[in-house]
Amino acid sequence: MDPKVQQTPEREAFYREIDGENLTALWNVMGALITPEPKSACVPALWRFDAIRAHLMRAGALITAKEAERRVLILENPGLRGQSKITTSLYAGVQLVMPGEVAPAHRHSQSALRFVLEGKGAHTAVDGERTMMEPGDFVITPSMTWHDHGNGSADPIFWLDGLDIPVVQFLDASFAEGLGEDEQRISRPVGDSFARYGRNLLPVDLKRKSKTSPVFGYPYAETRAALERMKLADEWDPCHGLKLRYTNPVSGDYAMPTIGSFIQLLPKAFHGSRYRSTDATVIVPIEGRGRTRIGDTVLEWGPKDIFVVPSWQWFTHEAEGEAVLFSCSDRPIQEKLDLWREDRGNA
Ligand SMILES: [Fe+2]
């Protein structure tokens, strides 16, 4: 009940009467529905990679990737337990594929991103093409594309999965099916998509309907080289250091229609200015150590840890040495709906 509205026996009798007809009075709930600022159940949280890694290695002995279909430990926000959500709109998990294993081919309407944490020599196949996976690589499996993962290397591979599952759930638009075979047929050589779309060139008569980038593997070597070159200009954003977004080269829009993905470099001893925005963000440091202050919470992070900054909470990043952060959020959705908002404090 809204505390502004007084309750009387007559009013309460009225509410009981209309309740039987599936009606309720707006004046009792309006304050909770339309809040002056975002009010989220999502809280700041951090997961240590070393701990997740150890649990996943145990899971590796308990269940095969094939039986599990995907051997993943879901990162559940402490404020959203039981909902398979890391933020209100995003799902995240850490996946393990052991040497020689295959995570079998399937497809679904949910879009997925992978950010590789440890291991190299494994691959993700999307629509007849494989992309190899190394630490820091960003890989996309677009909505309704067949995808499978295989590890032909001698070492386990771990990556972060980020999906728009809660968004698709909210919209009641989930479709999924298995291929019935472990691996899809490969029809294109490794690197074909990157050659066609990933080098500031596009096929001359390209007509493309998908809103997802045709570059489905963004190698960290390329991303890191871009940041390294930008450093030379010595122009730093007071909140973000150097921050870039992964794009769809065909449209210039975000690489995925529902999830924005970003990479940023914080210089040595960076002390960021405070910042807040309406897109709750999942952040993965891939290099360096530091801390992020979110309100009264201080999250100390190192390489491959995963943490969450909720919507509209002030935060600052601090780096010890140089640090590189990958991040993702629902910003593309909010921007398209004219909802996204940021506040840079005095910066
Ligand atoms: Fe999948």
Side-chain angles (χ1 to χ4, degrees), residues 49 113-124 126 129-142 153 155 157-160 162 188-203 212-256 259-270 272 281-290 301-306 317-329 331-332:
F49 176 70
L113 68 81
R114 330 283 170 192
F115 186 71
V116 182
L117 301 171
E118 183 193 306
K120 58 171 77 173
H123 67 265
T124 289
V126 173
E129 182 181 334
R130 284 180 174 175
T131 189
M132 303 310 287
M133 300 170 85
E134 292 194 16
D137 288 358
F138 166 63
V139 175
I140 304 171
T141 61
S153 81
D155 300 307
I157 184 163
F158 300 84
W159 65 74
L160 174 84
R188 288 173 179 277
V190 170
D192 188 77
S193 292
F194 197 80
R196 282 170 202 270
Y197 312 107
R199 297 196 181 275
N200 294 319
L201 298 164
L202 292 174
T212 306
S213 170
V215 182
F216 71 99
Y218 294 72
Y220 188 58
E222 303 273 341
T223 308
R224 191 68 181 82
L227 292 170
E228 203 59 31
R229 179 57 58 141
M230 282 173 68
K231 249 169 67 177
L232 302 177
D234 203 26
E235 288 167 4
W236 303 92
D237 181 278
C239 303
H240 304 311
L242 292 177
K243 189 170 179 181
L244 301 171
R245 63 185 174 91
Y246 292 89
T247 62
N248 174 347
V250 180
S251 63
D253 206 338
Y254 291 95
M256 302 165 71
I259 308 177
S261 48
F262 310 87
I263 196 87
Q264 76 191 96
L265 181 78
L266 307 179
K268 195 177 168 195
F270 181 71
T281 301
V282 179
I283 302 177
V284 188
I286 190 70
E287 292 179 39
R289 297 187 170 276
W301 43 258
K304 297 172 275 186
D305 292 341
I306 298 152
H317 288 318
E318 294 168 22
E320 287 168 16
E322 195 171 77
V324 180
L325 310 181
F326 171 84
S327 59
C328 61
S329 77
R331 184 166 159 177

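As the structure is a prediction and not an experimental result, all values here were calculated from the model. We count residues from 1, following the sequence as given.
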Are [X] and [Y] packed together at the side-chain level, in the sense that at least one heavy-atom pair is separated by less than 4.5 angstrom?
{"X": "Leu113", "Y": "Trp159", "answer": "no"}
{"X": "His123", "Y": "Val190", "answer": "no"}
{"X": "Ile283", "Y": "His317", "answer": "yes"}
{"X": "Tyr246", "Y": "Val215", "answer": "no"}
{"X": "Pro249", "Y": "Pro214", "answer": "yes"}
{"X": "Phe115", "Y": "Ser261", "answer": "no"}
{"X": "Val250", "Y": "Leu202", "answer": "yes"}

Contacts of type salt bridge (Lys or Arg N to Asp or Glu O under 4.0 Å), residue Glu287, not counting sequence neighbours:
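Checked Glu287 against salt bridge (Lys or Arg N to Asp or Glu O under 4.0 Å); matches are Arg224.
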key: Test salt bridge (Lys or Arg N to Asp or Glu O under 4.0 Å) applied to Lys231 - qualifying residues, sequence neighbours left out   =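 Lys231: salt bridge (Lys or Arg N to Asp or Glu O under 4.0 Å) contacts with Glu228, Glu322.
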Could you check Ile306, Val324, Ile263, Leu325 and say which one makes a side chain to side chain contact (heavy atoms under 4.5 Å, CB included) with Val284?
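The passing option is Ile306.
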Please round to the nearest 0.5 Å and tell me the distance separating atom [atom1] of [X] and atom [atom2] of [Y].
{"X": "Phe158", "Y": "Phe49", "atom1": "CZ", "atom2": "CZ", "result": "5.0 Å"}
{"X": "Asn248", "Y": "Met256", "atom1": "CG", "atom2": "CE", "result": "11.5 Å"}
{"X": "Ser153", "Y": "Glu134", "atom1": "OG", "atom2": "CD", "result": "10.5 Å"}
{"X": "Ile286", "Y": "Glu118", "atom1": "CD1", "atom2": "CD", "result": "10.0 Å"}
{"X": "Ser327", "Y": "Lys243", "atom1": "OG", "atom2": "NZ", "result": "4.5 Å"}
{"X": "Asp305", "Y": "Leu117", "atom1": "CG", "atom2": "CG", "result": "10.0 Å"}

Could you report the tightest heavy-atom contact between [X] and [Y], atom names first, then the distance?
{"X": "Pro219", "Y": "Gly217", "answer": "CD-O, 3.4 Å"}
{"X": "Thr124", "Y": "Phe216", "answer": "O-CE1, 4.0 Å"}
{"X": "Pro135", "Y": "Tyr220", "answer": "O-CB, 3.5 Å"}
{"X": "Val116", "Y": "Ile157", "answer": "CG1-CD1, 4.1 Å"}
{"X": "Gly252", "Y": "Arg245", "answer": "O-NH2, 3.2 Å"}
{"X": "Pro267", "Y": "Ala319", "answer": "O-CB, 3.9 Å"}

By side chain to side chain donor-acceptor pair (under 3.5 Å), which residues pair with [X], not counting sequence neighbours?
{"X": "Glu129", "value": "Ser193"}
{"X": "Arg196", "value": "Asp192"}
{"X": "Tyr254", "value": "Arg331, Glu335"}
{"X": "Asp137", "value": "none"}

With respect to Tyr218, which candidate in Phe262, Phe326, Phe138 satisfies the ring-ring contact (aromatic ring centres under 6.0 Å, His included) definition?
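Exactly one pass, corresponding to Phe138.
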